Amino acid sequence: MSRRQNRAAARRDVRMDEELHERVRDVIASIPPGKVSTYGDIAAAAGAPSPRLVGRILAEDGQDVPWHRVLRANGTPAPHLVHRQLELLRTEGVLAEGQRVDLRRYRWQAQ
DNA sequence: TAAGTGACCTATA
DNA sequence: CTATAGGCCACTT
């Protein structure tokens, strides 16, 4: 077993999996309508080890949370969701220029 | 053990 | 704007 896999296994064994999963969904659920956040911000706020985990969690269990309010760091949605996501955001008053949302204006942060 | 694959990020050219 | 490059973590082959 590699060093990396060792660290990962150790972290998982500390019941991190479910708690993290839950924290990530809580953070996403706390994003108010009309605002958006990024995978990186969510990861930081929820204490996730990396933004990839956030995307992974949403992929497997994103139906109960406002997943459409989560964008990539450059303000664009994940490629396979673009149209659906931007349309949902539009109904909340979040407008996009092309495929990009202006994060300076719509980004939400805990502060 | 190694390599591939994501709802990712930052830096650089 | 696009394209690489390197880093990241969990999971699958």
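This one's a predicted model, so the numbers in the text were calculated from it and none came from an experiment. Order of the sequence lines fixes the chain letters, A, B, ..., with proteins taken first and strands second; residue numbering starts at 1 for each chain.
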- Is it the case that more than 12 heavy atoms not belonging to A:E97 sit under 6.0 Å from its CD atom? no
- Note on the structure: Minimal heavy-atom distance between A:Y39 and A:A78, with the atoms involved, is OH-CB, 4.3 Å
Output side-chain donor-acceptor pairs under 3.5 Å for residues 42-51 of chain A, partner residues at least two apart or in another chain, one line each.
residue, atom, partner, partner atom, Å
A:S50, OG, A:R52, N, 3.1

- Approximate separation, where rounding is to 0.5 Å, of A:K35 NZ and A:L103 CG: 10.5 Å
- Item | Approximate separation, where rounding is to 0.5 Å, of A:L89 CG and A:Y106 OH | 9.5 Å
- May I have the distance from A:L89 (atom CG) to B:dA7 (atom C1'), rounded to whole angstrom? 14 Å
- Can you tell me the distance, in whole Å, between the CG atom of A:D41 and the C1' atom of B:dA7? 16 Å
- Rounded off to whole Å, could you give me the CG-to-C1' distance for the A:L20 and C:dC9 pair? 11 Å
- Item | Results of side chain to side chain donor-acceptor pair (under 3.5 Å) for A:E92 - residues two or more places apart only | A:H68, A:R69
- Item | Nucleic acid contacts - residues 53-74 of chain A versus DNA chain C, non-hydrogen atoms under 4.0 Å | A:L53, A:R56
- Item | Whole-Å C1' distance, C:dG7 and B:dT5 | 16 Å
- Nearest of B:dC9, B:dA7, C:dC8 to any side-chain atom of A:T38? B:dC9
